[in-house]
Amino acid sequence: MPELPEVEVVRRGLAKWVTGKTVAQVSVLHPRAIRNHAPGPKDFAGQLANQKIEAVNRRGKYLWLELKSGIAVVIHLGMSGQVLIQKAALAPHKHVRIKFTFKDSKKEMNFVDQRTFGGMQITELVPASSSSSSEVIPDTVIHIARDPFDPHFEPDTFIDGIRRKNTEVKRALLDQTLMSGVGNIYADETLWRAKLHWAYPTNRLTRAKAAELLSHATAVMTEALAQGGTSFDSLYVNVNGESGYFARGLAAYGREDELCDRCGRLIIRDAFMNRSSFRCPSCQPKPRS
DNA sequence: CCGGCTGCCTGTCGGC
DNA sequence: TGCCGACAGGCAGCCG
C-alpha cells in the first residue's frame, strides 16, 4: 500500500497495537524480505528476540519500529507489502515473508508481500538533520526528504528546490529527496488539481505555482488518509486487512475514458517513466516548448 | 545533474 | 483452453 496515506494508515494501526510489546520470536520465511540485512536471517531474528518496541514512526513511505535498545526495524512495503496483526491460529497467508510473535500477546505480526519488492532492515538511529530537537531517524532513511505531514517539513525548502530543478514536474513530485510520500497515484491527482501536465518544466514554475502544487499534494493526501487510504483490491489493506475508500475520491488516476469532473472531457492515459499517467487533455494541456 | 533504461518478483487480465 | 504480452501503487543503479 505504498504511498504516504496508505503507509500512515499502517503506522497508526501498528502504533496502537504494538507499542510497548516485547518481541518473543521472529521467523524469516523468505530471505529476500531481509536482503538489505547483510548478516542474514539468523542474525536478524537473533537481534530482535526479547526486544521491547517503544514507538512506530514514519517518513514518506518508510516506517520503522523503534526498539528500547536504540535500534530500529525499518519496514518498506514496496509495491505489495502489508503488515497484518492476526490470530496465530489463522491459516497462514500464502505470501507471509516475516512473522513476529510477542511475549505479551497471542496475536502475531505478519509481513505479507506478494511481489517481494518490500522488506525489513535493522538500522542504527541517528540524529535527524536540520532539527534542534532530539529527533532521531534510521540511518538508511536519511536520504529521504521530510514529507508534508512532518512537523519539521519546510515548505520553502521544497518550493525553492523544485524551482531549481531542470526536469518535468511529475518526475520532481516522485523524487523522494525533494519531498517524500508522493507516488504515482497522488502525483497524478496533484497535477490534476493544479491543472498541470506531467511534462511541465519545473524551472518555469512560479513561486506561487510551486506553493499551490505543494498545497494540492498535501490536501489530496490528507483527504485520502481520512478515508483510510486508496485501495483497488485486497493487496492494499490496513493491519486488520481492511481496505480504504479513497479510490472513489480519485479524479484522474485510473479514470481513462471517464469524464473529467471539472470540464467533462475524457481523461486520457499517457506512458511516462515506464508507467501510466492519467490527465485531462483540456485542463492539463501539453506545455508549449 | 539529468533522463532513459534495467532489474528485482508474482499475479491478473485481455487478446488471439 | 492455453499462451503471451502488458501492466501493477517502488526504488536503486547504471550509463551516456
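These numbers were taken from a predicted model, which means no experiment stands behind them. Every chain is numbered from 1 and lettered A, B, ... according to where its sequence line falls, protein lines coming before strand lines.
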Using a cut-off of strictly less than 4.0 Å, decide whether A:His95 has a side-chain nitrogen or oxygen near OP1 or OP2 of B:dG11. yes
Atom CD of A:Glu6 and atom C1' of C:dG10 are separated, to the nearest Å, by 13 Å
Plane angle bin for A:His93 and A:His95 - parallel if under 30°, tilted between 30 and 60°, otherwise perpendicular: tilted
For residues A:Arg115 and A:Ser80, report the shortest heavy-atom separation together with the two atoms involved. N-OG, 2.9 Å
Now, which nucleotide makes the Watson-Crick or G-U wobble pair with B:dT12, with each of the two distances under 3.5 Å? C:dA6
Interatomic distance, A:Leu63 CG vs C:dG10 P [rounded to whole Å]: 15 Å
Atom-pair distance (NE2 on A:His76; C1' on C:dA12), nearest Å: 11 Å
Does a side-chain N or O of A:Arg97 approach OP1 or OP2 of B:dC9 to a distance below 4.0 Å, or not? no
Against the six-membered ring of A:Tyr245, is A:Arg248 placed for a cation-pi contact (under 6.0 Å from the centre, within 45° of the normal)? no
From C-beta outward on A:Thr167, which listed nucleotide comes closest to its side chain: B:dC2, C:dA8, C:dG9? B:dC2
Need one value for A:Tyr62: base, sugar-phosphate or nothing, where a base atom within 4.0 Å counts as base even if backbone is also close, heavy atoms only. sugar-phosphate
Consider only side-chain heavy atoms of I, L, V, M, F, W and Y, link residues closer than 4.5 Å, and tell whether A:Met273 and A:Phe278 are in one cluster. yes
So, is A:Asn184 near the phosphate of C:dG9, with a side-chain N or O under 4.0 Å from OP1 or OP2? yes
Counting only side-chain nitrogens and oxygens, does A:Tyr186 get under 4.0 Å of the OP1 or OP2 atom of C:dG9? no
Report yes if the ring of A:Phe117 lies under 5.5 Å from the six-membered base ring of B:dC8 with planes under 30°, and no otherwise. yes
Walking DNA chain C from its 5' end, the first of A:His143 and A:Arg115 to be reached, judged by nearest nucleotide, is A:Arg115
For A:Arg164, which contact category applies under a 4.0 Å heavy-atom criterion: base, sugar-phosphate, or nothing? nothing
Indicate the ring-plane relationship of A:Phe44 and A:His37, choosing parallel, tilted or perpendicular according to the 30° and 60° boundaries. perpendicular
If I pick the C1' atom on C:dG9 and the same atom on B:dG3, what distance separates them, to the nearest angstrom? 22 Å
Does one side chain, of A:Ser105 or A:Lys21, offer a donor that lies under 3.5 Å from an acceptor on the other? no
From CZ of A:Arg171 over to P of B:dC1, roughly how many Å is that when rounded to an integer? 16 Å
Select one nucleotide: of B:dC2, C:dG10, B:dG11, the one nearest the side-chain heavy atoms of A:Lys165. B:dC2
d(OH, A:Tyr236; P, B:dT12) in whole Å: 12 Å
Any donor-acceptor pair, under 3.5 Å, between the side chain of A:Arg275 and the base of C:dA8, if you only look at N and O atoms? no
Nearest whole angstrom, please: distance from the P of B:dC2 to the CG of A:Leu174. 15 Å
So, does A:Ser80 get its side chain near the phosphate of C:dG9, meaning an N or O under 4.0 Å from OP1 or OP2? no
Between C:dG5 and B:dG7, how far apart are the two P atoms, rounded to whole Å? 15 Å
Between B:dC9 and C:dG2 - P atom distance, rounded Å: 28 Å
To the nearest angstrom, the CZ-P distance between A:Arg32 and B:dC9 comes to 4 Å
Using the C1' atom as the reference point in each nucleotide, state the distance between B:dT10 and C:dT1 in Å, no decimals. 22 Å
Round to the nearest Å and state the distance from A:Lys94 atom NZ to B:dT12 atom C1'. 12 Å
